[in-house]
Each structure stands twice: as C-alpha cells, then as structure tokens.
A.B. asks: 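Below you will find the structure I want to go over with you.
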Amino acid sequence: MILLDGKKTAQTLKEEIKQAVTSITDKGKRPPHLAAVLVGNDGASLTYVGSKVRACDYVGFESTLIQLEASTTEAELLKHIEDLNKNPELDGYIVQLPLPKHIDEEKILLAIDPAKDVDGFHPANFGRMALEMEAFIPATPFGIIELLERYQIETSGKHCVVVGRSHIVGRPISILMSQKGLAGNATVTVAHSRTKNLNTLTKEADIIVMALGIPEYLTAPMVKEGAVIIDVGITRVPDSTHPKGYVIKGDVAYEEVASKASAITPVPGGVGPMTIAMLLKNTLLAYHRNH
Ligand code: NDP
C-alpha cells in the first residue's frame, strides 16, 4: 500500500517555491504577495488563515492579513475588494469562506478580479478551467491532481467515483480528472446526497475521491481490493480525551480501508497540506502572469 503523503509532498513543493522566490528576489525584484481577508472570528477559519500566512512567510512571500469585524457590512467588504483589485503590489488574494450570513458570498466572489483570484472560485476561472484554458484551479482539487501526478498514480481509463459535488472540491475534481492530460482521462462518476446505491458505485471504482464531510463514511465493504482512495474530508469530532477537545476525522474509515487500498491519503497529512501548498503555487503563477 502506498501512503500518499500530502505533508511530505507539500513540503517538497514549498521548497521548490522558496527557491523560485529566491531567484526572483536575487534579481532585486519584490517577492510574490498574497493577501487574505477574514471577516469575523470563526475558529476554523482563523486556523486556516493562520496556516496560510505562516506558509507565505516560510516560502518568502509577502503576506497581508486583513481581519475585519463580524459586523462588517457588505459595502465595506466590497470597498476592501476594490482596493485589493487596484493594488499593483499585490499578486493575489483570498476571501476566507464562510462569510457572515448578512454578506452575499456570490456578490463578493464576483467582485474579485479574476487575475488575482488565486482561490479559483470566480466563474471566469472556473469556466476557463472547464474549457481547459489557462486558469487558477481551486487549491484543493489542484492539490489532488498534483499528488496523483507526483506519485504517478495511473488515472487514464480508470473509473473514478467522486462523492460530493461542491463548487470548491467535488465538481472541479470531477472535471479535472475527466479532462485530457496528467492525472486525467478517467471515466468519472459524480455521486451526491441523492445518489442511490452508492455502495455499488464505490465498490466498482478504481479511484474514489471522498468529499462529503461525514466522518468515516467510506468503510471497507464499500471498496474493492486495490482501489486508490483520496480523502478530502476534514471534520472536527468532539473528543474529551484530546487536549483540544476534538480530533480531526476524514470521510474514510482509514484503518480498515487502507488494508484494501493500493494507495490512500491520510487525514490529517493528506489533501489538507496540499491545499495550502497549491494556494502558494497559484500565487506564484499570478506573480508571473502579472509581470
Ligand atoms: P459541501 O458540504 O459543500 O458538499 C458536500 C457534498 O457531499 C454535497 O455535494 C452533498 O450532496 C454530498 N453529500 C452529503 N451527504 C452525502 C451522502 N450521504 N452521500 C453522498 N453524498 C453526500 O462540502 P465541501 O465540498 O466544501 O467539503 C467536503 C469535505 O471536505 C468537508 O469535510 C470539508 O471540511 C473538507 N474540505 C477539505 C479541504 C482540504 O483542504 N482538505 C478543502 C475543502 C473542504 P448534495 O450536493 O446533494 O447536498
């Protein structure tokens, strides 16, 4: 069984990016610059943004954290977006989701300049990705593709079942894996909450991507011998024995599924670290595209 080690692969990627930054700054140019906008103080969002800022520091990017009160109005946030779009010293930025309920997320995403949309959530980027044009690919599916490529997992002609059809994970990974090219050419089935007989589908799959957010949903009887398993799920499950009061669980019952799989991503240490590394990669791409 191959452990698809996202932590290790993300570290390799970060070293590569760090080198690229050094070669930019050695020429006397400014380093790539990423900004993150955080509205409110949701615990998980603070953790995610904190890791992104730390990753920027590590590779030598400049980073700016714009932390706004939960009471920030939609108009105020739009003004910040306008300023970020206009800032020539900024290559890319992200608006950490979810936003407070009184702010229309769609309106905010549409206001982001697609050339700075390193999360790849703007319809212009999503459309370009679907048309196999140059685009910013959302970091999580981009990270899965990178992991499959680096571990040379054969996807061509394989049957891949993606469980989940969200705009940030399930839908884009299903598009990417069915496209021509590396980590593509798979025959993809997209499953969701209305799918009937999910077990029958997963049992026939060569590759399973779990992105639904239900801890340990995929169990050994649902998987065929030798399948490749990608676990995107991250759920905080309360656990009083743990100092933090919770543990992180993926969508896969890891131990029992790993014993049948030919390759599997762990949680934590699989897709999660890859997501942050690919955000850095997108920022570096943005820097080069904007210069
Ligand atoms: P969403 O809640 O947006 O989507 C979940 C999807 O799962 C939906 O399409 C839903 O179907 C489907 N689903 C729900 N229940 C079932 C079921 N019983 N059977 C089959 N399908 C089901 O989640 P996200 O895509 O945003 O995230 C999924 C998981 O991945 C979460 O745990 C999240 O925390 C994690 N995540 C991890 C990242 C990382 O970096 N590793 C990044 C982003 C997310 P329907 O459309 O019908 O409602």
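Counting convention: from 1, in listed order, for ligands and their atoms alike.
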A.B. asks: Which of the listed options, T275, L279, L201, holds the heavy atom that is closest to atom 40 (O) of ligand 1?
C.D. replies: T275

A.B. asks: For the residue pair L34 and V118, establish whether any side-chain heavy-atom pair is separated by less than 4.5 Å.
C.D. replies: yes

A.B. asks: Is a donor from one side chain sitting under 3.5 angstrom from an acceptor on the other, for S45 and D42?
C.D. replies: yes

A.B. asks: Should R194 be counted as touching ligand 1, given the test is an N or O pair under 3.5 Å?
C.D. replies: no

A.B. asks: Check for me whether G272 has a heavy atom closer than 4.0 Å to any atom of ligand 1.
C.D. replies: yes

A.B. asks: Considering only non-hydrogen protein atoms, determine which one is nearest to atom 8 (C) of ligand 1 and report residue, atom name and distance to 0.1 Å.
C.D. replies: R165 N, 4.0 Å

A.B. asks: Decide, yes or no, whether a salt bridge links E146 with R150 under the criterion of side-chain N to carboxylate O below 4.0 Å.
C.D. replies: yes

A.B. asks: Heavy-atom count check: over 12 atoms from other residues, nucleotides or ligands less than 6.0 Å from K8 NZ?
C.D. replies: no

A.B. asks: What do you reckon, is CG of N199 surrounded by more than 12 foreign heavy atoms closer than 6.0 Å?
C.D. replies: yes

A.B. asks: Under 3.5 Å, is there a donor on one side chain and an acceptor on the other for S63 and H33?
C.D. replies: no

A.B. asks: Checking a contact table here: which protein heavy atom is nearest atom 18 (N) of ligand 1, and how many Å away?
C.D. replies: Y217 OH, 3.3 Å

A.B. asks: Which bit of I234 is near ligand 1, meaning a heavy atom under 4.0 Å away: side chain, backbone, both or neither?
C.D. replies: both

A.B. asks: May I ask you to identify, for T140, whether its side chain, its backbone, both or neither come under 4.0 Å of ligand 1 on a heavy-atom basis?
C.D. replies: side chain

A.B. asks: Against heavy atoms of G164, which atoms of ligand 1 measure under 4.0 Å?
C.D. replies: 6 (C), 7 (O), 9 (O)

A.B. asks: Check whether the side chains of N85 and Y93 place a donor and an acceptor atom closer than 3.5 Å, and report yes or no.
C.D. replies: yes

A.B. asks: Which residue and atom name correspond to the protein heavy atom nearest atom 15 (N) of ligand 1, and how close is it?
C.D. replies: I214 CD1, 3.8 Å

A.B. asks: Could you tell me if any non-hydrogen atom of T195 lies under 4.0 Å from any atom of ligand 1?
C.D. replies: no

A.B. asks: My understanding is that we take every heavy atom of each candidate and find the minimum distance to atom 26 (O) of ligand 1. Doing that for T235, V190, I168, which one comes out nearest?
C.D. replies: I168

A.B. asks: In terms of atom number and element, which parts of ligand 1 are under 4.0 angstrom from non-hydrogen atoms of V163?
C.D. replies: 20 (C), 21 (N)

A.B. asks: Can you confirm whether some protein heavy atom lies under 4.0 Å from atom 21 (N) of ligand 1, or whether none does?
C.D. replies: yes

A.B. asks: Would you kindly say whether D91 and N290 are connected by a side-chain donor-acceptor distance under 3.5 Å?
C.D. replies: no

A.B. asks: For atom 17 (C) of ligand 1, which candidate among V232, I276, L212 holds the nearest heavy atom?
C.D. replies: L212

A.B. asks: Select the closest option to atom 31 (C) of ligand 1 among P215, G270, G213, judged by heavy-atom distance.
C.D. replies: G213

A.B. asks: In the protein, what heavy atom is nearest to atom 44 (C) of ligand 1, and what distance, to one decimal place, separates them?
C.D. replies: V169 CG2, 4.0 Å

A.B. asks: A211 near ligand 1, heavy-atom distance under 4.0 Å?
C.D. replies: yes

A.B. asks: For atom 48 (O) of ligand 1, what is the closest protein heavy atom, and at what distance to 0.1 Å?
C.D. replies: S193 OG, 3.7 Å

A.B. asks: Measuring centre to centre across the rings, with the benzene-like ring taken for any Trp, is H291 within less than 6.0 Å of Y287?
C.D. replies: yes

A.B. asks: Got a second to check how far Q179's CD is from T155's OG1, nearest 0.5 Å?
C.D. replies: 11.5 Å

A.B. asks: Will you find, in the side chains of Q11 and E15, an N or O donor that is under 3.5 Å from an N or O acceptor?
C.D. replies: yes

A.B. asks: Give a yes or no on this: more than 12 heavy atoms of other residues, nucleotides or ligands lie within 6.0 Å of atom NZ of K249.
C.D. replies: no

A.B. asks: Where is the nearest protein heavy atom to atom 4 (O) of ligand 1: which residue, which atom, and how far?
C.D. replies: S166 CB, 3.8 Å

